[in-house]
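Atom set for the values below is all heavy atoms of this structure, side chains included, hydrogens, waters and symmetry mates excluded. This is a predicted model, so every value here is computed, not measured.
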Amino acid sequence: MALIRLPGLIDAHVHLREPGYEHKEDYHSGTAAALAGGVTVMLDMPNTQPPTATPALFYEKVALARAKALCDIGIFVGATTTALDAYLPVAGAACGLKIYVSDTFGSLRIEELSLLHRFFRGWAEQGASLGYRSAANPHGIGPIAVHAEELMLPVCLALSHLYAVPLHVVHVTRRSEIELIRRAKEQGYPVTCEVTPHHLFLTTEDAARLGSLGDMRPRLAAPDDVAAMWEHLAAFDIFATDHAPHTLAEKGIGVSAAVANPPPGVPGVETMLPLLVTAVHAGRLTVDDIIERCVTGPQRVYGIPPQPDTFIEVDVDARYPLRNAAMHTKVGWTPFADQAVFGRVERVVLRGQTAFADGKIVAAPATGRVLFQEINQL
Ligand SMILES: [Zn+2]
């Protein structure tokens, strides 16, 4: 047994579903899944019901997270077509602004240039007065994070460049997209990007086998696109799961009547680390690659401070099959079910207190904190 100690991981892209979809996940179940996966910080997306688009809705989420979370949470605000600019007063208390410009779960998709232009310009004005958050400027604002596929990617790259706004491209999946982002980085654009484990380890060939359990946005990509993620690994700042739980019934599994449009999205926070450790065993990654993209990369991109006295212990040689029944997420399944993996989280210590040990959650309720709340409210 080889036990290694790592910093607590950061999952910079999750959907904890509260408020509005608590039957899929909530701040307690989602953070329990995080601890089981060695994750001690999660950044939570705004496509809840209602979407996190106003200061009141943002602080409602802060209160929910504070009451229930077992690990630390950063909360995104989201751009909508209705509450335009309403989030700007809490820009400094959010981990960033999320804009959906491509097909996704929920109703937050933005397709008009006039709106996109407005969102980038408004965020840039906040950035000009507060600066962007970093270790040197903890009171700044975070980046704009975009779900931007295909031709929406160069649109967002151009707006970010024109307004000098840091842009983080979530879940990249195509060869053309990562090649373009790499080119933009080489040209000095303020852009960073992430890739999910499911887009690193599954392809269109798995999509047929998995059916609705392999359906997410962006969809699983062709083998050549997946190969491009690995070829351009150095261009990725973050591994993040896009943990997006839906129930098996919603996915049309175990129900008698066919489900017309199963919602896209798959859970992932508690399977990321074993999948990555398995890739280390296969010689495709190093442990340093994991630390860089699950800890230091997200800290840099979002200006997340290190958590004191926080670490995880991982038995990197433990080999076992991932099982739906072992999942802590409320929905109780994983697209990687029955796959043999290496790497078991043995213990998680958060701020000096054991939060997870021997397969069990031991964190006291509400031990998680919400990030960036000491920040100025404009
Ligand atoms: Zn997402």
Side-chain angles (χ1 to χ4, degrees), residues 7-16 18-19 27 30-31 34 39-48 51-79 85-99 119 122-146 165-168 170 190 192 194 237-238 240 243 294-310 350-351 366-378:
L9 306 185
I10 299 171
D11 189 344
H13 185 158
V14 301
H15 300 264
L16 296 182
E18 200 174 348
Y27 280 112
T31 54
V39 169
T40 55
V41 180
M42 306 171 100
L43 304 187
D44 185 34
M45 288 295 172
N47 61 336
T48 44
T52 319
T54 69
L57 291 166
F58 178 81
Y59 284 114
E60 179 189 334
K61 231 178 203 188
V62 169
L64 288 167
R66 277 197 176 129
K68 294 162 92 169
L70 304 176
C71 72
D72 292 356
I73 304 282
I75 297 174
F76 279 92
V77 287
D85 312 326
Y87 50 76
L88 284 175
V90 288
C95 55
L97 169 64
K98 178 72 182 289
I99 309 179
F119 298 144
W123 202 254
E125 285 167 5
Q126 295 296 315
S129 65
L130 300 173
Y132 291 99
R133 191 185 296 123
S134 66
N137 180 23
H139 297 286
I141 64 171
I144 291 180
V146 288
V165 173
L167 179 75
H168 180 68
V170 302
T192 54
E194 77 191 26
D237 303 271
I238 291 178
H243 177 77
C294 296
V295 183
T296 48
Q299 285 175 341
R300 185 177 63 245
V301 169
Y302 288 100
I304 300 168
Q307 295 168 299
D309 303 317
T310 299
L350 177 61
R351 283 183 284 274
T367 43
R369 295 182 183 171
V370 181
L371 302 178
F372 312 128
Q373 294 313 296
E374 73 286 8
I375 307 300
N376 46 295
Q377 296 166 32
L378 300 180

Identify the two heavy atoms, one from [X] and one from [Y], that lie closest to each other, and give their separation to 0.1 Å.
{"X": "Phe372", "Y": "Tyr302", "value": "CZ-O, 3.7 Å"}
{"X": "Ala34", "Y": "Met42", "value": "CB-SD, 3.6 Å"}
{"X": "Ala12", "Y": "Leu43", "value": "O-CB, 3.5 Å"}
{"X": "Ala93", "Y": "Tyr59", "value": "CB-OH, 3.8 Å"}
{"X": "Val165", "Y": "Ala124", "value": "CG2-CB, 3.5 Å"}
{"X": "Leu88", "Y": "Trp123", "value": "CD2-CE3, 4.0 Å"}

Salt bridge (Lys or Arg N to Asp or Glu O under 4.0 Å) partners for Glu18, two or more places apart:
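Glu18 satisfies salt bridge (Lys or Arg N to Asp or Glu O under 4.0 Å) with Lys68 once adjacent residues are dropped.
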Roughly how far, to the nearest 0.5 Å, is [atom2] of [Y] from [atom1] of [X]?
{"X": "Leu97", "Y": "Ile141", "atom1": "CG", "atom2": "CD1", "answer": "8.5 Å"}
{"X": "Leu16", "Y": "Asp44", "atom1": "CG", "atom2": "CG", "answer": "4.0 Å"}
{"X": "Leu9", "Y": "Thr310", "atom1": "CG", "atom2": "OG1", "answer": "11.5 Å"}
{"X": "Lys98", "Y": "Asn47", "atom1": "NZ", "atom2": "CG", "answer": "6.5 Å"}
{"X": "Glu194", "Y": "Cys294", "atom1": "CD", "atom2": "SG", "answer": "11.0 Å"}
{"X": "Ile238", "Y": "Ile10", "atom1": "CD1", "atom2": "CD1", "answer": "8.0 Å"}

Taking C-beta and beyond as the side chain, do Pro143 and Val301 meet within less than 4.5 Å on heavy atoms?
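A side-chain contact exists here, since the closest heavy-atom pair is under 4.5 Å.
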Tell me, please, which residues at least two apart from [X] pass side chain to side chain contact (heavy atoms under 4.5 Å, CB included).
{"X": "Thr54", "result": "Ala56, Leu57, Ala83, Ala86"}
{"X": "Pro19", "result": "Glu22, Thr48, Pro50, Glu60, Lys61, Leu64"}
{"X": "Pro55", "result": "Pro89, Val90"}

Output a table of donor-acceptor pairs, distance under 3.5 Å, between side-chain atoms of residues 70-79 and any protein atom two or more places apart or on a different chain; print 'none' if there are none.
unit_1: Asp72; atom_1: OD1; unit_2: Arg351; atom_2: NH2; d: 2.7
unit_1: Asp72; atom_1: OD1; unit_2: Arg369; atom_2: N; d: 2.8
unit_1: Asp72; atom_1: OD2; unit_2: Gln307; atom_2: NE2; d: 3.0
unit_1: Asp72; atom_1: OD2; unit_2: Arg351; atom_2: NH1; d: 2.8

Can a donor-acceptor pair be found, under 3.5 Å and without considering hydrogens, that links the side chain of Asp237 to the backbone of Gly297?
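The answer is no, because no donor-acceptor pair under 3.5 Å joins these two groups.
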Can you tell me if Gln373 uses its side chain to pair, donor with acceptor, with the backbone of Leu371 under 3.5 Å?
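At least one qualifying donor-acceptor pair exists.
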What residues form a ring-ring contact (aromatic ring centres under 6.0 Å, His included) with His13, not counting sequence neighbours?
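Listed in chain order: His15, His171.
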